[in-house]
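One structure is given below, encoded as structure tokens.
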Amino acid sequence: MTVSDFLKDSARAYPEKVALICGSRRFTYRQVDQWSSHLAHFLAGRGVQRGDRVAVQLENSVEAAVSVFAILKAGAVFLPIHPSTKEEKLAYILNDCGAIGFITDSTRMSRSTTTSARVAKLQFVILADADPVFTATDLPDSPAAPVQNRCIDIDLATLVYTSGTTGKPKGVMLTHRSVISAVTSTSEYLENTPQDVVLCALPLSFNYGLDQLLMTFKTAGTLVLERSFTYLHTIMESLLRENVTGLPLVPAMVAILLQRDLSRWKLPALRYISNA
């Protein structure tokens, strides 16, 4: 089993169930599975092979989630990079891991004008807001054939880099087996089921945010992606509107909540709050 099986299995069992909600956009498991498979073929066409490193620097979005699973389906290792990472640090990370591909957007690419030239092994850059594989108005109607990647569970699935506050960022190596073990343990502890709706305002580049995507897709739940926790009113409205059952937080978010009067918000669907 590999991490991409989370999506494949859920799409097989619940094809028309809503998998991702991002603002007004909603995508079923079938759509996410098909889109990521087509992107995986696109990556393979760019030369991506088993074990290659492909970085993703995007805000929380459907495109970011699709990219993660497309990279895994192509047999490659994905690197989630925080959207605010500056050019110097970005170039260091891409060089350190030997990334051959980089998925980002036009805004970030314009702010990192020399990044491509500074990364020795980088072969291509895909812009999620400009490349046809992302911007086509109609999603593919038919599933793409699986990419023959021959990955096994002891292969690397992801490299998550540390913040680098006390030195150069360091890449934490996570195999498919270790990711599956951690996600399975957490989802069993939280008793997640396909009926759960999890709201994630943590960046997918942050390990705890990434866990929400992987955990929800493993259990065939629904993930509501928010880009930040800055506008609390928007978060509370999403919790209510989408009948959110799970809310992952970090201490800074809890501090924000404790400073507000939330008595007028009734959230009968909310089953748990988790913290890391």
Side-chain angles (χ1 to χ4, degrees), residues 3-4 6-7 10 19-22 55-69 71-72 77-85 89 93 97 156-166 169-193 196-232 234-236 238-239 242 244-258 267 270-276:
V3 178
S4 62
F6 292 170
L7 172 57
S10 292
L20 277 175
I21 299 172
C22 191
V56 180
Q57 188 186 32
L58 293 170
E59 299 278 0
N60 280 8
S61 60
V62 177
E63 289 78 7
V66 167
S67 294
V68 166
F69 281 97
I71 293 166
L72 291 170
V77 180
F78 73 91
L79 283 88
I81 298 178
H82 196 280
S84 65
T85 301
K89 184 176 176 181
I93 290 172
C97 71
L156 278 186
T158 183
L159 282 165
V160 180
Y161 271 77
T162 61
S163 60
T165 52
T166 58
K170 298 172 181 65
V172 179
M173 304 167 67
L174 298 173
T175 65
H176 287 270
R177 181 184 293 177
S178 63
V179 172
I180 291 168
S181 176
V183 170
T184 300
S185 175
T186 304
S187 59
E188 288 179 353
Y189 175 79
L190 294 172
E191 300 180 351
N192 287 108
T193 72
D196 276 307
V197 180
V198 177
L199 186 145
C200 180
L202 297 155
L204 296 181
S205 55
F206 176 45
N207 197 47
Y208 190 38
L210 178 63
D211 282 348
Q212 307 312 312
L213 170 65
L214 300 178
M215 182 178 65
T216 305
F217 273 35
K218 181 187 184 300
T219 57
T222 298
L223 184 67
V224 181
L225 280 176
E226 295 287 345
R227 294 198 170 183
S228 77
F229 205 72
T230 305
Y231 302 104
L232 186 57
T234 301
I235 297 295
M236 300 304 294
S238 292
L239 289 170
E242 305 299 346
V244 169
T245 62
L247 179 62
L249 300 173
V250 293
M253 293 175 168
V254 176
I256 292 172
L257 290 172
L258 292 174
L267 303 170
L270 191 61
R271 186 170 68 80
Y272 69 84
I273 294 175
S274 61
N275 173 66

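Position 1 is the first residue of the sequence; numbering continues from there. Worth saying up front: this structure is predicted, and the values here are computed from it rather than measured.
Of the candidates Val198, Leu199, Leu213, Leu204, Leu225 forms a side chain to side chain contact (heavy atoms under 4.5 Å, CB included) with just one, namely Leu204.
Judged purely by atom type and a 3.5 angstrom limit, Thr158 uses its side chain to pair as donor or acceptor with the backbone of Phe78. Panel note: side chain Thr162, backbone Lys170; a donor-acceptor pair is recorded below 3.5 Å. The backbone N or O of Leu190 lies less than 3.5 Å from a partner atom in the side chain of Arg271, making a donor-acceptor pair. In this structure, the side chain of Ser187 engages the main chain of Thr184 through a donor-acceptor pair within 3.5 Å. Side chain of Gln57 to backbone of Pro80: no donor-acceptor contact under 3.5 angstrom is found. Here the side chain of Asn60 pairs a donor or acceptor atom with the backbone of Leu202 at under 3.5 angstrom. Listed for the Lys218 side chain is no donor-acceptor partner under 3.5 Å among the backbone atoms of Ile180. A distance-only check finds a donor-acceptor pair linking the side chain of Ser10 to the backbone of Phe6 [under 3.5 Å]. Side-chain N or O atoms of Ser205 include none that pairs as donor or acceptor with a backbone N or O of Pro203 at under 3.5 Å.
Rounding to the nearest 0.5 Å places CG of Leu223 at 11.0 Å from CD of Glu242. Taking CD from Gln212 and CZ from Phe206, the interatomic distance works out to 10.0 Å, rounded to the nearest 0.5 Å. From Thr245, atom OG1 reaches atom CG of Leu270 across 7.5 Å, with rounding to the nearest 0.5 Å.
Within a 6.0 Å radius of OH in Tyr272, more than 12 heavy atoms belonging to other residues, nucleotides or ligands are found.
Between the side chains of Glu226 and Ser238, at least one donor-acceptor pair of N or O atoms lies under 3.5 Å.
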